[in-house]
Peer 1: 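Pasting in a structure now, in structure tokens, and then I'll have a few things to ask.
Each ligand, and each atom within it, is numbered from 1 in the order the structure gives. Residue numbers run from 1 in the order of the sequence given. The structure presented is a predicted model; accordingly, all values stated were derived computationally and were not measured. The basis for the numbers below is simple: all heavy atoms, side chains too, and nothing from hydrogens, waters or symmetry mates.
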Amino acid sequence: MGHLVIAVDGPAGAGKSTVAKRLAKRLGLGFMDTGAMYRALTLKALRRGTKLEDAEALVALAHETAIDLVDEAGRPLKVLLDGEDVSDAIRTPEVTNNTFYIARTPGVRAVMVEWQRRMGEKQSLVGDGRDLGTVVFPNAAFKFYLDADFDVRCQRRIDELRAKGVAVDEAALKRDLAERDHADFTRKVGPLKKAEDAIIIDSTNMTIDDVVEALVQHIHKQK
Ligand code: DC
């Protein structure tokens, strides 16, 4: 198919990462979870005690950080922060709830976008995030916007956590997701927005397999 970039954007809990990873595997492409990159820098800032309100300090931190994504067949994506495997450490509620400081800082986004573009130049890939179709890869061959009703996104998160044996405070989870949506939709730089040429998939009543199949159909139709 030649060099190919496929962008999958959408709100938290819509299933983007799982879908993007499976799609990448189906098509034999790389997979880039951009949320993992924002999370990794958040983890570093929290560990260092960097003031999260201090934009300049966050940008300086981004410049002295190496984040690598290692995508090995049949394994979950490995996230390396300055060489350390932080794949699990970036999924804690503390990191999740503090990522918006990193995500709202324009200078940090500029660094992230550059890293992501470089990855997309090196290899064909499926990337998932918020601003891939609008900012990072405006010329992506395919842009998908994966949506789902708020309640369904909450329920999926609850089921996911329960399956892992984690006790869930449903009201707190709903509040956190609503706050993340608000932060994603309203930040000044790189907000979550449907690209004009994005294909919108509403996964409210679809399984992950259905969604992957729908994306594959769209891609084959246009090839
Ligand atoms: O996809 P995720 O939930 O792992 O993303 C973590 C956070 O990073 C989320 O709060 C929004 C932010 N993010 C972003 O601002 N831009 C991206 N391209 C990806 C994620």
Peer 1: Report all protein residues having a heavy-atom distance below 4.0 Å to some atom of ligand 1; order the list by chain, then number.
Peer 2: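 Correct list: Thr34, Gly35, Tyr38, Arg39, Arg91, Thr99, Ala103, Arg109, Gly129, Arg130, Asp131, Arg180, Asp184, Arg187.
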Peer 1: Using the test salt bridge (charged side-chain N to carboxylate O under 4.0 Å, His left out), find all partners of Asp184 that sit at least two apart in sequence or belong to another chain.
Peer 2: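 Scan of Asp184 (salt bridge (charged side-chain N to carboxylate O under 4.0 Å, His left out), adjacent residues dropped) gives Arg130, Arg187.
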Peer 1: With distance as the sole criterion, is a donor-acceptor pair present between the side chains of Arg39 and Thr96 under 3.5 Å?
Peer 2: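 Note: Arg39 and Thr96 side chains meet the donor-acceptor criterion.
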Peer 1: Taking the basic N atoms (NZ, or NE/NH1/NH2) and the acidic carboxylate oxygens, is any pair closer than 4.0 Å for Arg91 and Asp33?
Peer 2: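 Judged by the 4.0 Å cut-off on N to carboxylate O distance, Arg91 and Asp33 do form a salt bridge.
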Peer 1: Can you name the one residue among Lys78, Lys21, Gln123 that meets side-chain hydrogen bond (donor to acceptor under 3.5 Å, both in side chains) with Asp71?
Peer 2: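 Exactly one candidate clears the test, Lys21.
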Peer 1: Quick one, Ile200 and Phe144 - any side-chain contact, counting heavy atoms below 4.5 Å?
Peer 2: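 Result no, sub-4.5 Å side-chain heavy-atom pair not found.
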Peer 1: Are any non-hydrogen side-chain atoms of Asp181 and Arg153 less than 4.5 angstrom apart?
Peer 2: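 Yes - at least one pair of side-chain heavy atoms lies under 4.5 Å apart.
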